[in-house]
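Below is one structure, written out as structure tokens; comments come after it.
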Amino acid sequence: MQIRTIANSIPPARDLPAQGPAASSAPSAESRRISDNVTAARNTAMSALTNDRFRIMLEQITDPVSSGALMTMSGDNVVDFKSAQSSYADNSE
């Protein structure tokens, strides 16, 4: 699996300068908040795409052998609530 990014792509229409009579009005607080959220999400996604640990993890979980092993994992170690609570209390001290 390869992840490719395109740097300096054409910005979406919402990022282009406005034209016409409405161009002089300032953006509302809500549209500014949405724009900031979109920018933050884009930056986070780009960071994830360039992170080697994330890339390796993504390659591992998309590998058919690994994903098949994950799907066939079963809950053989069933523990009742009281036992789990007791173990947690012992390890918390």
Side-chain angles (χ1 to χ4, degrees):
M1 169 186 222
Q2 285 187 328
I3 300 173
R4 299 178 189 204
T5 59
I6 300 173
N8 298 328
S9 62
I10 299 171
R14 67 178 177 278
D15 292 343
L16 296 175
Q19 298 176 355
S24 61
S25 64
S28 70
E30 180 68 10
S31 69
R32 194 175 312 112
R33 183 188 64 79
I34 292 170
S35 178
D36 290 345
N37 288 346
V38 168
T39 301
R42 183 180 296 125
N43 290 340
T44 302
M46 290 303 294
S47 175
L49 290 175
T50 58
N51 184 313
D52 283 336
R53 289 188 308 171
F54 181 81
R55 179 188 53 79
I56 291 167
M57 182 272 311
L58 192 60
E59 287 174 357
Q60 288 175 348
I61 64 171
T62 57
D63 178 41
V65 174
S66 298
S67 60
L70 287 172
M71 288 180 58
T72 58
M73 290 176 71
S74 62
D76 294 338
N77 299 328
V78 178
V79 178
D80 64 292
F81 179 73
K82 294 273 188 198
S83 298
Q85 190 176 26
S86 175
S87 294
Y88 182 75
D90 291 344
N91 291 330
S92 298
E93 296 173 350

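Computed over heavy atoms, backbone and side chain alike; hydrogens, waters and symmetry mates excluded.
Contacts of Ser86 classified as side-chain contact (heavy atoms from CB on, under 4.5 Å), with partners at least two apart in sequence or in another chain: Asp90. The salt bridge (charged side-chain N to carboxylate O under 4.0 Å, His left out) test applied to Asp52 returns Arg55, not counting sequence neighbours. Listed by chain and residue number, Glu30, Ser31 satisfy the side-chain contact (heavy atoms from CB on, under 4.5 Å) test with Ser28 (two or more places apart in sequence, or in another chain). For Ser47, there are no side-chain contact (heavy atoms from CB on, under 4.5 Å) partners two or more places apart in sequence or in a different chain.
Taken together through direct or relayed side-chain contacts under 4.5 Å among Ile, Leu, Val, Met, Phe, Trp and Tyr, Ile61 and Phe54 form part of one hydrophobic cluster.
A distance of 11.5 Å separates CG in Asp63 from CG in Leu58, rounded to the nearest 0.5 Å. Interatomic distance, Asn51 CG to Met46 CE, rounded to the nearest 0.5 Å: 12.5 Å.
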